[in-house]
Amino acid sequence: MKKNYLYSLIAGISTSVIGSFIYDLWKSKPFLSTLGEIVKAIWNFIALILNYEVKVWWFLMAIFILIGIIYLILKFNAEVNSIPKFTDYKEDRFKNWRWTWDWKLNKRTNKWNVTDLTPYCPKCETILLDNSTMFDSIYECPNCDFSTGRYNQPSENIRHIEALIIDKSNKI
């Protein structure tokens with residue numbers, strides 16, 4: 001990336017010098033006099049800006065405005081970046097199953113919600129596949145064939161687990 005920038009800079013400068021040389025040759029002017037005039041004009045503009053008379057109250061007003069803007073930015077960032085302590089709570093065991101999850105802020109309601117709730121097999125700690133139906137929560141382990149559901153071991157209801165997580169996070 002830096003090489004491309006350097007090549008572009010070199011190409012721009014060399015094109016300006018060559019263009020100035022051709023223009024000067026065509027107009028029968030001294031060598032690179034046009035480029036010298038451009039550099040003088042830029043220097044005069046910079047000198048004009050640096051020699052401009054600034055009133056003290058303009059300077060003070062600019063400082064107060066700058067302080068106000070910095071204060072607002074810092075206050076806004078503090079509110080946006082204030083992540084509650086309970087969001088570090090991302091793993092626990094409920095009824096002998098290990099569960100992991102993440103937290104996401106719902107900006108509309110300004111409440112934190114549990115997301116990506118993932119159960120692990122109680123036998124081999126592999127992530128369980130969710131094959132739930134409308135009427136039954138069914139989880140199956142692709143590794144050891146552990147299965148839950150209506151006729152197997154009792155299953156965990158995700159809504160109940162979320163309620164336990166939120167209850168426990170409120171106590172942190």
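The analysis underlying the following values was restricted to heavy atoms, covering all of them including side chains, and did not include hydrogens, waters or symmetry mates.
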Review point. Which value, rounded to the nearest 0.5 Å, describes the distance between L117 atom CG and E162 atom CD?
Key: 5.5 Å

Review point. Which is it for W101 and D92 under the side chain to side chain contact (heavy atoms under 4.5 Å, CB included) test, yes or no, and what are the steps along the way?
Key: CA-CA 9 Å; W101 61 89; D92 207 342; 3.7 Å; yes

**Study point:** Hydrophobic cluster membership, I165 vs W112, 4.5 Å side-chain cutoff
**Key:** yes

Check your understanding: Out of curiosity, does I161 fall in the hydrophobic cluster containing I166 (side-chain heavy atoms, cut-off under 4.5 Å, transitive links)?
Key -> yes

Study note, to complete from the structure: Paired with L105, the side-chain contact (heavy atoms from CB on, under 4.5 Å) test is passed by just one of N113, T87, N110, namely N110

Check your understanding: Looking at side-chain heavy atoms only, is the closest gap between P142 and T126 below 4.5 Å?
Key -> yes

Review point. What's the spacing between C141 SG and I127 CD1 if we round to 0.5 Å?
Key: 10.5 Å

Check your understanding: What is the ring orientation for W58 with Y52, classed by angle as parallel under 30°, tilted 30 to 60°, or perpendicular over 60°?
Key -> parallel

Check your understanding: With S14, which residues qualify under side chain to side chain contact (heavy atoms under 4.5 Å, CB included), at least two apart?
Key -> none

Review point. How long is the span from the OG1 atom in T115 to the CG atom in N106, to the nearest 0.5 Å?
Key: 11.5 Å

**Study point:** Euclidean distance, K40 NZ relative to E37 CD, rounded to 0.5 Å
**Key:** 7.0 Å

Practice item. Check whether M61 and I69 end up in the same hydrophobic cluster, where Ile, Leu, Val, Met, Phe, Trp and Tyr are linked by side-chain heavy atoms less than 4.5 Å apart. Key: yes

Review point. In terms of hydrophobic clustering (I, L, V, M, F, W, Y; side-chain heavy atoms under 4.5 Å; direct or indirect links), are Y71 and I63 co-clustered?
Key: no

**Study point:** Test log, rule salt bridge (Lys or Arg N to Asp or Glu O under 4.0 Å), inputs E125 and R93
**Key:** CA-CA 12 Å; E125 291 293 316; R93 285 197 172 273; 2.9 Å; yes

Review point. Is it true that W99 and L129 fall in one hydrophobic cluster, defined by side-chain heavy atoms closer than 4.5 Å?
Key: no

**Study point:** Gap between atom CZ of F146 and atom CG of L128 - 0.5 Å precision
**Key:** 6.5 Å

Check your understanding: Backbone N or O of Y89 within a donor-acceptor pair of the W103 side chain at under 3.5 Å?
Key -> yes

Practice item. With rounding to the nearest 0.5 Å, note down the distance linking NZ in K104 to CG in D116. Key: 9.0 Å

Check your understanding: How would you list, by chain and number, every residue that makes a side chain to side chain contact (heavy atoms under 4.5 Å, CB included) with L66, sequence neighbours excluded?
Key -> I70

Review point. Are side-chain heavy atoms of K90 and T100 found at a separation under 4.5 Å?
Key: no

Practice item. Return yes if some donor-acceptor pair links the side-chain N/O of D167 with the main-chain N/O of A163 below 3.5 Å, else return no. Key: no

